[in-house]
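Structure first, commentary second.
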Amino acid sequence: MDFDYTSDQLQLRKSVREFALAEIAPHVLEWDEGNIFPLEVVKKAGQLGLLGSVFPEEYGGSGFGYIDYSIIIEELARVDPSVGLIVAAHTSLCSNHIYVAGSEEQKRKYLPKLTTGEWIGCWSLTEPEAGSDAGGTRSAAIFDGQGWVLNGSKTFTTNAHYADVCVAMAVTDRTASQHGISAFVIEKDTPGYRPGKKENKLGMRASATGEVIFTDCRLAKSQLLGTEGEGFVDSLRILDGGRISIAALSVGTAQGAYDAALSYSKQRRQFGRPISEFQAIQHKLADMATSIDAARLLTYRAAHMKDKGLRVTRESAMAKLFASEEAVWICNEAVQIHGGYGFIKDYPVEKFYRDVKLCTIGEGTSEIQRMVIARQLLKTE
Ligand SMILES: Cc1cc2nc3c(=O)[nH]c(=O)nc-3n(C[C@H](O)[C@H](O)[C@H](O)COP(=O)(O)OP(=O)(O)OC[C@H]3O[C@@H](n4cnc5c(N)ncnc54)[C@H](O)[C@@H]3O)c2cc1C
């Protein structure tokens, strides 16, 4: 076991931190209040290699691993969780589905554009009637002898309104249950494809979340992604990796809130001394820092195993469950340490408190993570 970052990882962390402070920090409030998607900044992140960290260089990636990727998501989320979420959905959901299930031709066509930020990607599994129960997908694609005709709608797709390419799941065989759902890769100009309602959200407001609608959307045979009927099973594998992103997103968000609370506690004076001198505040800070360390270690363990090519269903669900639940609690404590000022938008903890709630919901709720973990624990080998 080695608990140290490599010198490359330290350098990566430093450069992402500098990028986030220079390009993101000055705009956080404006993007949040205006629901503004920071397209130019996301593209800049792509030019810096932050959108292709886990993919080989031959597809335009940086050839790093999931620990490096977690560092990137953490550092972005520490300044603005919305940007972390945009990058996570683009990288570990959309691009990774193409990387894991795509043909060589599809990988060569799409990944270099996605890894460099020339194109933005989104990934559509959730539907109005199929959330936690994603196997209940209703969108359907029918093969008409020449190609696929896709009808239906998706909800809550991150990046939907800015995506150049969408990976979407649809039923191709109603009789085959979970082996009757296929994945398709769809370019934004395809007739019959369009983003629908953009949601007005509690938090993560700079990330665009919305519907994706398919109306007699004709797709060539070559737009099928992976084996016909295996799109749902592939999605579960994609989510195993995706949950490492949400764990890292939680760690970064919690770290941002903790940093703000620590610094505030040293400045704010009551009863003639800084509030950091009160034991009640010190205990909060100690518990918060301990939880962040534990969440980070669970995240890096899952990331390390993923890099070794091991199955991470249990470990990524544990990391996601623990990190997200702790992050919600940490952001709550960070507001508490700020007193009334924590309720005011001039202080960053107000936004962390709103943003962080997504972490216990997206890519599977905490209840679903517990189901996934329990299923793994009870499985007979
Ligand atoms: C900001 C945001 C971004 C998102 N981005 C994406 C995206 O890019 N792509 C995408 O496909 N999806 C995305 N989602 C969707 C997200 O993954 C779903 O919201 C989530 O999986 C829960 O589904 P649901 O909202 O339909 O809730 P439901 O499934 O209706 O759940 C409601 C409640 O019931 C509980 N519940 C459900 N089933 C069970 C059960 N069997 N046992 C116990 N409790 C249960 C849930 O835990 C929850 O508390 C996003 C969501 C949000 C809010």
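In listed order, ligands and their atoms are each counted from 1. Heavy-atom basis, side chains included; hydrogens, waters and symmetry copies ignored.
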Could any protein non-hydrogen atom be found less than 4.0 Å from [atom]?
atom: atom 7 (C) of ligand 1; answer: yes
atom: atom 49 (O) of ligand 1; answer: yes
atom: atom 29 (O) of ligand 1; answer: yes
atom: atom 52 (C) of ligand 1; answer: yes
atom: atom 35 (C) of ligand 1; answer: no

Close approach of Met371 to ligand 1, heavy atoms, under 4.0 angstrom: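 For ligand 1, residue contact (heavy atoms, under 4.0 Å) with Met371 is present.
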
Heavy-atom gap Met204 to ligand 1 smaller than 4.0 Å: no

Donor-acceptor pair between [X] and [Y] side chains, under 3.5 angstrom:
X: Thr209; Y: Lys201; answer: yes
X: Glu326; Y: Ser250; answer: no
X: Ser92; Y: Tyr69; answer: yes

Does a sphere of radius 6.0 Å around [atom1] in [X] hold more than 12 heavy atoms from other residues, nucleotides or ligands, not counting ones at 6.0 Å or beyond?
X: Leu10; atom1: CG; result: yes
X: Tyr353; atom1: OH; result: no
X: Tyr341; atom1: OH; result: no
X: Glu23; atom1: CD; result: yes

Check each of [options] against [atom] and report the one with the nearest heavy atom.
atom: atom 16 (C) of ligand 1; options: Thr126, Leu85, Thr209; value: Thr126
atom: atom 22 (C) of ligand 1; options: Thr155, Thr365, Val167, Thr360; value: Thr365
atom: atom 31 (O) of ligand 1; options: Ser132, Ser235, Ala134, Ser124; value: Ser132
atom: atom 26 (O) of ligand 1; options: Gly210, Ala89, Gly121, Gly131; value: Gly131

In terms of residue, atom name and distance, what is the protein heavy atom nearest to [atom]?
atom: atom 9 (N) of ligand 1; value: Trp123 O, 2.8 Å
atom: atom 20 (C) of ligand 1; value: Ile361 O, 3.6 Å
atom: atom 4 (C) of ligand 1; value: Phe156 O, 3.1 Å
atom: atom 3 (C) of ligand 1; value: Thr158 OG1, 3.3 Å
atom: atom 17 (O) of ligand 1; value: Glu363 N, 3.4 Å
atom: atom 39 (C) of ligand 1; value: Ile368 CD1, 4.0 Å

Minimum-distance pair of heavy atoms, taken over all atoms of His161 and Gly210: CE1-CA, 3.7 Å

Nearest non-hydrogen partners of Phe19 and Lys44, listed with the distance: CE1-CB, 4.1 Å

Parallel, tilted or perpendicular: ring planes of Phe184 versus Trp148, cut at 30 and 60 degrees: perpendicular

Aromatic plane relationship, His97 with Trp123 - under 30° parallel, 30 to 60° tilted, over 60° perpendicular: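 The rings of Trp123 and His97 sit tilted, inter-plane angle from 30° to 60°.
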
NZ or CZ of Lys107 within 45° of Tyr99 ring axis and under 6.0 Å: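 Relative to the ring axis of Tyr99, which defines the angle, Lys107 lies inside both limits.
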
For Leu358, atoms of ligand 1 separated by under 4.0 Å from a heavy atom: 1 (C), 2 (C), 52 (C), 53 (C)

Polar contact flag for Glu367 and ligand 1 (N/O pairs, less than 3.5 Å):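 Yes; at least one N/O pair falls below 3.5 Å.
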
